[in-house]
> 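The structure's right below; bear with me while I get my questions together.
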Amino acid sequence: MHNPYLPEDWTIMAMREEIEDHFFLELRPPAGSRVWEYTPGQFCGVSILGIGEAPISLSSSPTRPETLQMCIRKAGRLTSAVSKLSVGDVLGLRGPLGKGYPLEQIQGRDVLILAGGLGMVPLRSLMTYVLDNPERFGRLTVLYGTRTDLEFLFYDELTRLGKSGRAEVELITQEVRPGGRYRPENGDRKGFVTDLLAGGFCRSPGETFVAMCGPPVFYRYAVKTLLEKGFSKALIFMSLERRMECGLGKCGHCSVGYRYTCVEGPIFNYWDAYNTPELIEIREGQPWINS
Amino acid sequence: MDQLVIGIFGLTGCAGDQLTILNCEDELLLIAEKVTMKSFNMASSRELAGRVEVALVEGSVCQPEDLAMLREIRERSRHLVAFGTCAAFGGMAAMDQRVHPEVLRDTVYGPDGEPFEAIRARPLSSFVKVDFVLPGCPVEKGQLLETLSCLLKGSFPDIACTPVCAECRSRENLCIVLERDEVCCGALTRGGCGARCPSLDVSCAGCRGPVEDAYYAVNADLLKGRGIDREKIRKKMMLFSAPAGMGERLEREFD
Amino acid sequence: MLRKRIEIKHLTRVEGHGGITIELVDGTVKTVHMDILEGTRFYEALLKGKGFLEAAAIVSRVCGICSASHAVTAQLAVEDAFGIRVDSRTVRLRELLLLGEIMESHALHLFFLLLPDYMGYPSALDMARDHPIKAKMGLFLKQLGNRIQEAVGGRAIHPPNVMVGRFGKVPGRQVLSDLLACVEDGLALTPALVDLFASLEVPVLLEEATQYLALSSRDGYRFVSREIAATDGKVFQASEFSRVCNERVVAHSHAKQSLYSDRPFAVGAQSRVVVNGGELTGAAAEALERFVSAQGGMGRGNPISNSMAQAVELVHALQAAKEHLVDILTNGAGDAPPETVIEPVKGTGIGLTEAPRGILYHRYDFDDNGIITEADIITPTAQNLANIERDMRLVAERFGEISADGVVLSPAMGCLANRDLSFVLQVIARAYDPCISCSVH
Amino acid sequence: MRILRFHKSHLEVWLDLIAETADLYVPKKAGEKAHRFERYEDFQEVDLSYTRTILPPKKFLFPPEETLFSRDAGSDSYHVPEIPDRDVVLFGVHPCDINGIRVLDVFFGSFDRPDYYYQRRRKKLRIVGHSCMPDENCFCQSMDAETAASGFDLFLNDMGDHYLVTLGTVEGDLLLGDRADTLPEATAEDMTELMAGIRRRREAFTLELDTSIVPQAVSLHQTDPVWEELGEKCLTCGCCSLGCPTCTCFNIRDTNTLGGSAKRSRTWDACLYRDFATVAGGYNFRPNRGRRVQHRYYHKQVGFAQSFGQPSCVGCGRCIKMCPTGIHFVEVFRALQENSLKQEMGRDA
Ligand SMILES: Cc1cc2nc3c(=O)[nH]c(=O)nc-3n(C[C@H](O)[C@H](O)[C@H](O)COP(=O)(O)OP(=O)(O)OC[C@H]3O[C@@H](n4cnc5c(N)ncnc54)[C@H](O)[C@@H]3O)c2cc1C
Ligand code: SF4
Ligand code: SF4
Ligand code: SF4
């Protein structure tokens, strides 16, 4: 009988502080095993036995199957302990968990990636996937906003991508800080992600697949703007965060309404979310996403 | 590997938490092997000054000297742990916040005493930053060992903050409130003791301090509804469940 | 005029915060203060207005080391006030609990706080490295005491199981027979224990007559009684105790002090052995004889003998615990079902026990509803303080030869040879095994 | 399905026999009116006339605390603790609890991610059911759980001086041992009597919940004042959930030893506790007590049913009995339904 609670020991091959308190990790599977088969949008359980476990998104793409990549923010006990590790150390991994993006549904469509802050982490997986399979998808647009320009993740990678012309990439930040990455010469802008949406980015909004991930406030405004712009509710997908302990739909912590976020999510489309009590409320006439 | 250096300090309290360290008879030698204990006055004459990684501070602040000592400890330590209920919530000494400390003093020392300054007993967090709270009157041996072990790994432990009732149910006890119409502070009190008292058929006195969301009003209504005299309820809850700072809430919610 | 002030800010290897200040002028001792710097919690005031059901839970928090004594004494006082009779099994279990506390407390003192002084280590943990067998014996006996307290009291510290008139839950047969097996193991250690402490070279610091007070027991060496005996031959009743010990406030300390007929007196293991030693039997009686022949009598005023008395009591506690366990296991339930419905009665109740450090006295006045209107707690360390100061004064006067860099002692002091006065004063204080949180409550 | 006649006078011998080869648990008294499933030691202690045990049988399948795995210092492999090899036989389980276990079976086997720890204990569990009479808190009838159609190995119908034993599985035959083919089959007369008994029992229910519009009522009344009122009344002690035969929430927590070994274990949790939905940084998705109560009710009656085809309540009445402040599962839904009706009438008027 398979024991899905048991982690495997993966080895850290590369580790760097991507931005302050956010650690980029690249991991290799235990000897004799291969990297799991997974779909962008899925996550895994990262643990150090004795400290704990946390759900962390996979940031790499299955099209590059040698390693797994992730980006972990120092937020509490486990993540702080992870931040103290270094190359060669092992980390317990369990996964892949959850349901990723419905790739068949995206097939042939334009893809709009809409990220806020740490939300770029899981979306980078989808982004890489789309780029690695240009024949299967339409145009790729990446809109990424942060609170300050100190918080841009994968800045160089995104800027290079924008310049390469393989995708339309726009970075925007609310606040420019000393030492930050904001470079107007690269086309970086100041403002909110929703400002980017105001421009006519997509040829046919109603047909474009939207993948979005970000903090609660981000969803609140982004969904509203997308709907105003005529994007299709059935094609808006968001990643919704909840407390998770097991990732197997058993511990109950992530349960909302009739759903277990960890197995039926974390990716939900607008209707899923709308139909699930607690995920979306209508406030002041506007959808209010509780994430 | 460098040894973990912890300091063990006592402000005003009963020394029960420090004694709990010495009560880990089976593990004591191992602890001594892995941890350097500084300032453990109760057990050692070797006073080592200097910085400590973690300070376990027992007792509450009951006199100006305590406060001075607490500030010095904070200066000296990277992390400060409120060690036991007195340190975490004020404990017994902080029970009757309605009575002025000078009145308390005069009751005990009468008119002959040399008037020393009496201040209201307060938990550590009223004065300094507390990094971790290890409650218990005294702390549970298992949780103490877990704290030390986890500190050796460089982290604070993951200690539950669910009420005593959770453990009481898990141990399949009968509920004292429902069976005997007695005041039990289980629902107000943070677990971790394995529902020690209800399992002995003794109602919970609340010695591990209040859960973060103690609902005094609901508990009081429940007990009043079962015909228990309100003063009785108040007295029991005042022991530990409504410590310094929360006592006022209890009073407010009570009627 | 040559003035010298010796100040020990923090006494170590005692429970709580205390210091010692001595002032000498031209070689004569002017003042001796045992400064109790511990903060006060005002327990007597906190008790006012609380119900009789809460008393034990509150007062047990006076002290972590002798919490069982406080809890039992509180219940004795409540029962005295309300006229509650307690069944024989409850009585036995309480005695057993107190014996567990004696074991834990004495083993802690003897092995952790005292022995390092004799063996020249700053702490027991340092000592353990070189003398693992001694350390393990101490740990075993200490743990045994805790096991008994856990099984009977529900917890090693602040025992919640001790209730008015009864125990919440009486330990089951399995638990009791496991304990019995452990006690047997403990008894097997007693020869080694006695050898160890009889082999110590005990310095005779003093041989001044001392007044000893202890609860007097006639049917065996007991820790609960309602009669107090003094070595001057007088016997007092429980109700007379507060008059007899005459507790009063002193200026230099948060702890009160006591005097018997205006003179300091001692309580504790040594006092008990002096007063009730005749009741000791078996290995405990033999141990006492052994110590007396090796180190001189217990009643000669040498405070250091208190530790040897503790060793004697440790042996006794093991013997007595076995007796109680066997009795409870064979006779099962007590003579009458314990009372569960308690009717408060207006009046006063007094509880008296021999805590590890001596006589513990609780007095409560209750109103009709069982609410405490007045409380008085007199702890053993508070009773001993005046005597500790007396002993220190005598020692300082005897050895207080001042040299430029301190006070040097005569070399004929056994392990205390060539130690300075401040060290010797600490040794005296530690010999009493003072419990400072008790003394300031 | 064979039904056999078993005389009660043989019960003790039979239980002794089972206890020889399996860990046998039976209902025993735990106070005046309370019971617990405890290890069989002495036949005199077995009390089959109980109504409900304090904890349901879930404690045998999903214990309050369970070690998932551990690792010794310096080792690079995880150690999953073994469970005893012997079968566990639960004797005298009532239909609601049998149905409760069926709910657990569905849940712990769900999402293509079966729960390893549950499954391995489940494989070793044999269930001998026992008929019962309802008290004022039983409403299994309303929850369609008053009889167990399956989920037992044997089921004993109490007929006075004998049982009519329904055989549920082959393992049930094995439990009967040699008796399996020597016991007389039930006669037509027996069956008539059995039917009469079932009818008597059916009539004995006093508590009823009309479940027909429960899902709609709960879904419609997401913002009903009932929830706030319940929030005001709930102690959040969690007793209802921990004692529920079908509540399954747990926490995973790591612990360490001084020697450097560490283990991961799970303990029961309840969605009523304040930090149940709190994530790193302290954001709480359900900070409000009323919302937490609502979540429990919604999940049990609607959410679970939507995911797994049946509500996760079997009407055992434990949460009613257990709630210190007297929150009554059935009354809550009645109140919601009444509010629905009121609204309806308000609209008509
Ligand atoms: C699907 C998903 C994907 C995520 N991806 C990433 C990522 O790629 N990078 C990243 O930095 N963070 C990610 N997070 C958030 C991350 O899980 C938390 O920051 C992390 O759990 C903090 O753990 P800790 O032990 O350091 O915090 P602590 O506060 O010490 O522990 C918190 C406790 O609550 C639980 N918990 C806390 N926060 C969360 C949470 N957000 N979700 C679930 N359980 C939680 C943990 O299991 C733990 O028991 C993700 C969360 C989810 C649900
Ligand atoms: S006895 Fe006390 S702790 Fe136990 S369930 Fe009842 S209220 Fe909670
Ligand atoms: S049950 Fe209550 S009083 Fe007893 S140990 Fe636990 S928290 Fe303390
Ligand atoms: S919700 Fe209540 S009645 Fe229903 S199964 Fe759970 S405990 Fe029993």
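Only this structure's heavy atoms are used, side chains among them; waters, hydrogens and symmetry mates stay out. Lettering follows sequence order; numbering is per chain, from 1.
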> Checking E65(D) against chain B: side chain, backbone, both or neither under 4.5 Å from a heavy atom?
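Contact with chain B is absent: no heavy atom of E65(D) under 4.5 Å.
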> As a quick check of understanding, evaluate side chain to side chain contact (heavy atoms under 4.5 Å, CB included) for L258(D) and L152(B), giving each step before the final call.
CA-CA 8 Å; L258(D) 286 168; L152(B) 285 169; 4.0 Å; yes
> For K232(B), is the NZ atom crowded, meaning more than 12 foreign heavy atoms sit under 6.0 Å from it?
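Open.
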> Considering only heavy atoms, give the residues of residues 19-30 of chain B separated from chain D by less than 4.5 Å, sorted numerically, with 'none' for an empty result.
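From residues 19-30 of chain B, the residues near chain D are E27(B), L30(B).
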> Can you list the residues of residues 208-218 of chain B that sit under 4.5 Å from chain D, counting heavy atoms only?
E212(B), D213(B), Y215(B), V218(B)
> With respect to chain D, which residue among I31(B), L188(B), T162(B) yields the maximal number of heavy-atom pairs within a distance under 4.5 Å?
T162(B)
> Is any side-chain heavy atom of L145(B) closer than 4.5 Å to one of T257(D)?
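Not in contact.
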> May I ask you to decide if D158(B)'s main-chain N or O and R253(D)'s side chain share a donor-acceptor pair within less than 3.5 Å?
yes
> Would you mind telling me which of L235(D), T267(D), N251(D), T325(D) has the largest number of heavy-atom pairs within less than 4.5 Å of chain B?
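Most heavy-atom pairs under 4.5 Å with chain B: L235(D).
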> How about NZ on K321(D), more than 12 heavy atoms from neighbouring residues, nucleotides or ligands closer than 6.0 Å, or not?
no
> If you count heavy-atom pairs within less than 4.5 Å of chain D, which of G142(B), A160(B), C161(B), G225(B) leads?
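Max contact count across the listed options: A160(B).
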> Just how far is it from atom CD1 of I54(D) to atom CZ of R171(B), taken to the nearest 0.5 Å?
12.5 Å
> With sequence neighbours excluded, tell me which residues meet ring pair (Phe, Tyr, Trp, His ring centres under 6.0 Å) with F276(D).
H253(A)
> For chain B, which candidate among C234(D), G31(D), A270(D) shows the most heavy-atom pairs at distances under 4.5 Å?
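Option with the greatest count: C234(D).
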> What part of L55(D) is in contact with chain B, defined as an atom under 4.5 angstrom from a non-hydrogen atom: side chain, backbone, both or neither?
both
> Specify the closest pair of heavy atoms between H35(D) and E172(B), including all atoms of both residues, with the distance to one decimal.
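Heavy-atom minimum between the residues: O-OE2, 4.2 Å.
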> Write down the atom of R169(B), the atom of C239(D), and the distance for their closest heavy-atom approach.
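For R169(B) versus C239(D), the nearest heavy atoms are NH1-SG, 3.2 Å.
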> Quick check on the interface: out of D254(D), T53(D), T236(D), who has the most heavy-atom pairs with chain B under 4.5 Å?
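That would be T236(D).
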> M322(D), K33(D), R289(D): which one forms the most heavy-atom pairs within less than 4.5 Å of chain B?
R289(D)
> What are the two closest heavy atoms between A34(D) and L174(B), and how far apart are they?
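Taking A34(D) first and L174(B) second, the nearest heavy atoms are CB-CD2, 3.3 Å.
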> List for me each residue that meets side-chain hydrogen bond (donor to acceptor under 3.5 Å, both in side chains) alongside Y50(D), sequence neighbours excluded, and say none if there are none.
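So Y50(D) forms no side-chain hydrogen bond (donor to acceptor under 3.5 Å, both in side chains) with any residue.
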> Determine the minimum heavy-atom distance between K153(B) and G260(D), stating which atoms define it.
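Where K153(B) meets G260(D) most closely, the heavy atoms are NZ-O, 3.5 Å.
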